[in-house]
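Keep in mind it's a predicted model, so treat the numbers as computed, not measured.
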Amino acid sequence: MNRIQTLFANAKAKNEKIFTAYLTMGFPTMAFSERAVATLIENGVDIIEFGVPFSDPMADGPVIRNAARIALENGAKLADILKTMTRLRKRYPDVPFVLFSYYNVIFSYGLERFAEDAERAGVDAVLTVDVVLEERGEVLDVLRRHGMTMVPLVAPTTHLDRVAEIAKGVEDSFLYVITVNGVTGARAELPQELTQRLNEIRRVSGMPVLAGFGIGRPEQAKAVCQTCDGFIVGSAIVKILLDNPNDDGLQKLAEFAKAF
């Protein structure tokens, strides 16, 4: 089993849920991001999504867009993120690492070169926001040769038949289920029909399901965990660091993670 499968198996045996955190890497600096990742892991986060900043992040709301802009202005590069992951992998050998990116960045880097470097960095899975089911085969084949898998996204509008197709071939990963229509960002309320939707997705996929987009408070995480295997927090975490890009921000980040 890979790290992702081991984590979910252990959580199931203990009747626990998975806390996944997203960070925009390189914001405000790569060194600060590295410290932020360590802070999250040491305060209860189970999976880290390493966000690669991109100039046209179509799925992201204003918080992550702003962080990505600053990271790019400060010179954040995919190669630097992979080097940071290499150092963090040595410190945290058992924590699953997901690289979260738009495909243009990987394509520009070179898919084979990326897979080689990601394997050396200890990446477990890649989430390419804009690679749909019909186009992922080439990417997945290369990743498989280097011991990695992919994390597929499931939208609120994705038909259940398509959910079942999306799950095929990536059973060693988890489904990232988008809870709300629109871009990333914390929401005051989650859709009332979400519980039924999550149950249906778990039934047809047979895979672990994590709910993301819109979750920014512990009570929201608790609610979705009644019907899925865990939750993902992104914008709420990034906003803490946008508002406090210093050591105070790391302390606030630690308190935020502990609350979940």
Is there side-chain contact between [X] and [Y], with at least one heavy-atom pair below 4.5 Å?
X      : Y      : value
Arg120 : Asp117 : yes
Glu49  : Ile232 : yes
Leu127 : Tyr176 : yes
Phe54  : Ser101 : no
Arg144 : Thr149 : yes
Asp46  : Val95  : no
Leu241 : Leu253 : yes
Ile81  : Leu99  : yes

Quiz item: Relative to each other, are the rings of Phe8 and Phe174 parallel, tilted or perpendicular (30° and 60° limits)?
Solution: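 Tilted: the ring planes of Phe8 and Phe174 meet at 30° to 60°.
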Quiz item: Between Val98 and Met1, is there a shared hydrophobic cluster once you connect ILVMFWY residues whose side-chain heavy atoms come closer than 4.5 Å?
Solution: no
Self-check item: Shared hydrophobic cluster, Ile70 / Tyr102 (ILVMFWY, side-chain heavy atoms < 4.5 Å)
Solution: yes
Exercise. Using the ring of Phe97 (Phe, Tyr or Trp, six-membered ring only), decide whether Arg89 places NZ or CZ under 6.0 Å from its centre and within 45 degrees of its axis.
Key: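 Yes.
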Quiz item: Do Phe100 and Phe50 have their ring centres less than 6.0 Å from each other?
Solution: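 Ring-ring flag for Phe100/Phe50: false, centres at least 6.0 Å apart.
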Quiz prompt | Of Lys12, Lys17, Arg202, the residue whose pairing with Asp229 passes side-chain hydrogen bond (donor to acceptor under 3.5 Å, both in side chains) | solution = Arg202
Quiz prompt | Candidates Gln251, Lys252, Lys258 - the one meeting side-chain hydrogen bond (donor to acceptor under 3.5 Å, both in side chains) with Glu255 | solution = Gln251
Practice problem: Could you walk me through whether Glu34 and Arg91 pass salt bridge (Lys or Arg N to Asp or Glu O under 4.0 Å), step by step? | Solution: CA-CA 11 Å; Glu34 185 169 347; Arg91 292 179 63 183; 5.0 Å; no
Self-check item: salt_bridge(Glu219, Lys222) N-O dist < 4.0 Å
Solution: no
Exercise. Inspect the contact between Asp124 and Arg3 and indicate whether a charged nitrogen and a carboxylate oxygen are less than 4.0 angstrom apart.
Key: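 Yes.
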Quiz item: Within a radius of less than 6.0 Å around NZ of Lys239, do more than 12 heavy atoms belonging to other residues, nucleotides or ligands occur?
Solution: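 Atom NZ in Lys239 is not crowded, with 12 or fewer foreign heavy atoms closer than 6.0 Å.
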Quiz item: Within a radius of less than 6.0 Å around CD of Glu134, do more than 12 heavy atoms belonging to other residues, nucleotides or ligands occur?
Solution: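 Yes, CD of Glu134 has more than 12 neighbouring heavy atoms, counting only those of other groups under 6.0 Å.
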Quiz item: Taking only residues two or more places apart in sequence or in another chain, which ones pass side-chain contact (heavy atoms from CB on, under 4.5 Å) with Val204?
Solution: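 Scan of Val204 (side-chain contact (heavy atoms from CB on, under 4.5 Å), adjacent residues dropped) gives Leu160, Val163.
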Do any side-chain atoms of residues 21-31 form donor-acceptor pairs under 3.5 angstrom with protein atoms, and if so which ones, sequence neighbours left out?
{"from": "Tyr22", "atom 1": "OH", "to": "Thr24", "atom 2": "OG1", "distance (Å)": "3.3"}
{"from": "Thr29", "atom 1": "OG1", "to": "Phe32", "atom 2": "N", "distance (Å)": "3.1"}

Self-check item: Set of ring pair (Phe, Tyr, Trp, His ring centres under 6.0 Å) partners for Tyr109, sequence neighbours left out
Solution: none
Exercise. Give, for atom OG1 of Thr128 and atom CZ of Arg136, the distance between the pair rounded to the nearest 0.5 Å.
Key: 9.0 Å
